[in-house]
Amino acid sequence: DLVRSKNISPPPIAERPLAIYRQALGQNHPTTVSGLLVLAAVRKDRGEYDEADRLYSEALRIRVGTFGPDSVNAGQSYGDMMMLAIARRQFEEAEAWSAKRLTIFEKWFGSSDPRIIEALADLQHLKAFNGDLDAVDSLGRRILDIAERAYGPESLVAAVAAGNVAYAYRLRGRFGNIESLYERPLRIYRKLLGPRHPWVA
């Protein structure tokens, strides 16, 4: 009622968490990053890329200042910057952010840890956009190796990874091992998800 009586519009819902965190915790508190990321995602989805860049950059600055430039938290921010660059169709810049994130995750988790699969897959897709087919192939094989050892050769993760290796072959105009790379994922999807699941299609 007080807000209405003064004819003041309340702040948009996405801006409220950030305003509260800043007031209660300060500009540079790591929890403030949560508010920055929510608002940055909204700006990105609206196509307000410059404002999203400013917010993501502020989140990165706070994380680097709090946890260090080679921390997992900083790596997560590099992933945010990667997604923004993809939205802007700046694929070379996105690849640079992606590679930086992967380097950090490898440092903390190890080069064979399944927690780096997502970062490897993102870099693989960006390498494909940028025409580096050798890297697409090597990254795909690496993901498949990690997935098989971590989750088993008949897991959904391994099936997706095998499909990505097949994708790398197709980009080169080749086919590779039909049974291993194409029939295997289909068999696993049918077994684990059922014959009518969209992944089977």
Side-chain angles (χ1 to χ4, degrees), residues 41 44-47 49 52-53 56 60 70 72 74-201:
K44 176 173 69 70
D45 291 344
R46 287 179 173 177
Y49 297 135
D53 193 335
Y56 280 132
L60 174 59
D70 296 323
V72 172
Q76 291 168 341
S77 270
Y78 299 146
D80 295 329
M81 300 299 286
M82 174 197 73
M83 295 304 296
L84 177 60
I86 290 172
R88 286 176 143 168
R89 304 192 67 78
Q90 297 172 343
F91 297 117
E92 290 184 3
E93 180 179 338
E95 182 182 325
W97 286 116
S98 179
K100 197 169 184 177
R101 178 181 65 157
L102 176 59
T103 298
I104 290 175
F105 286 3
E106 287 176 321
K107 173 184 175 181
W108 284 97
F109 303 134
S111 60
S112 300
D113 192 287
R115 286 173 288 184
I116 72 169
I117 285 178
E118 182 180 354
L120 285 166
D122 286 339
L123 184 58
Q124 183 195 30
H125 294 319
L126 288 164
K127 290 289 187 181
F129 271 114
N130 293 327
D132 188 348
L133 301 186
D134 289 338
V136 174
D137 182 53
S138 63
L139 287 166
R141 292 180 178 279
R142 186 176 169 194
I143 293 168
L144 178 58
D145 180 63
I146 295 172
E148 287 177 330
R149 285 187 287 107
Y151 302 108
E154 296 296 305
S155 65
L156 282 176
V157 180
V160 173
N164 284 337
V165 173
Y167 170 65
Y169 273 100
R170 287 163 52 207
L171 285 176
R172 294 171 176 267
R174 304 172 186 170
F175 296 100
N177 187 315
I178 298 293
E179 181 178 351
S180 174
L181 299 179
Y182 297 88
E183 294 180 359
R184 176 185 174 192
L186 179 58
R187 184 187 72 251
I188 294 172
Y189 294 153
R190 282 174 169 161
K191 177 182 177 182
L192 298 182
L193 301 175
R196 299 183 63 82
H197 193 277
W199 285 19
V200 173

I'd like to check Ile86 versus Phe129 (side-chain heavy atoms, cut-off strictly below 4.5 Å). Are they in contact? no

Do Arg172 and Asp137 have side chains that get closer than 4.5 Å, going by heavy atoms? yes

Can you name the nearest heavy-atom pair linking Pro185 to Gly163, along with the distance? CG-N, 4.0 Å

Please round to the nearest 0.5 Å and tell me the distance separating atom CD1 of Ile104 and atom OH of Tyr78. 4.5 Å

For Asn130, which residues count as a side chain to side chain donor-acceptor pair (under 3.5 Å) partner, sequence neighbours excluded? Glu95

Please work out which of the three classes, parallel, tilted or perpendicular, describes the rings of Phe105 and Phe109, given edges at 30° and 60°. tilted

Under the 3.5 angstrom rule, does the side chain of Trp108 hit a backbone N or O of Asp70 as a donor-acceptor pair? yes

Any donor-acceptor N/O pair, Thr103 side chain to Ala99 backbone, under 3.5 Å: yes

Stepwise side chain to side chain contact (heavy atoms under 4.5 Å, CB included) test for Ile146 and Leu120: CA-CA 11 Å; Ile146 295 172; Leu120 285 166; 3.7 Å; yes

To the nearest 0.5 Å, what is the distance between NZ (Lys100) and CG (Leu102)? 13.5 Å

From Leu171 CG over to Asp132 CG, what is the distance, rounded to the nearest 0.5 angstrom? 11.0 Å

Just how far is it from atom OG of Ser180 to atom CG of Leu144, taken to the nearest 0.5 Å? 7.0 Å

Look at the side chain of Ser155 and the backbone N and O of Gly152, then say whether any donor-acceptor pair between them is shorter than 3.5 Å. yes

Could you check whether any side-chain heavy atom of Leu123 comes within less than 4.5 Å of a side-chain heavy atom of Arg101, counting everything from C-beta outward? no

Do Val136 and Asp134 come close enough that some side-chain heavy atom pair is under 4.5 Å? no

Worked verdict on Arg141 versus Asp145 for salt bridge (Lys or Arg N to Asp or Glu O under 4.0 Å): CA-CA 6 Å; Arg141 292 180 178 279; Asp145 180 63; over 6 Å; no

Can Leu156 and Trp199 be said to form a side chain to side chain contact (heavy atoms under 4.5 Å, CB included), step by step? CA-CA 10 Å; Leu156 282 176; Trp199 285 19; 4.3 Å; yes

Electrostatic pair Asp53-Arg88, nearest N-O below 4.0 angstrom: yes

State, yes or no, whether a side-chain contact exists between Val200 and Arg196 at a heavy-atom distance under 4.5 Å. no

Output for pair (Tyr49 OH, Arg89 CZ), nearest 0.5 Å, gives 9.5 Å

Looking only at atom types and distance, does a side-chain atom of Asp113 sit under 3.5 Å from a main-chain N or O of Ile116, one as donor and one as acceptor? no

For Arg142 and Ser111, indicate whether the former's side chain and the latter's backbone hold a donor-acceptor pair under 3.5 Å. yes

Heavy-atom pair with the smallest gap, counting every atom of Ala94 and Met82: O-CG, 3.5 Å

For the CG atom of Asn164 and the NE2 atom of His125, what is their distance to the nearest 0.5 Å? 5.0 Å

Minimum heavy-atom separation for Ala147 and Val157, please, with both atom names. CB-CG1, 3.6 Å

Are any of the side-chain heavy atoms of Arg187 and Glu154 separated by less than 4.5 Å? yes

Do Tyr182 and Arg170 have side chains that approach each other closer than 4.5 Å (heavy atoms only, starting at C-beta)? yes

Taking 4.0 angstrom as the limit, do Glu183 and Arg190 come out as a salt bridge? no

Close side-chain approach of Ser77 to Tyr56, heavy-atom, < 4.5 Å: no

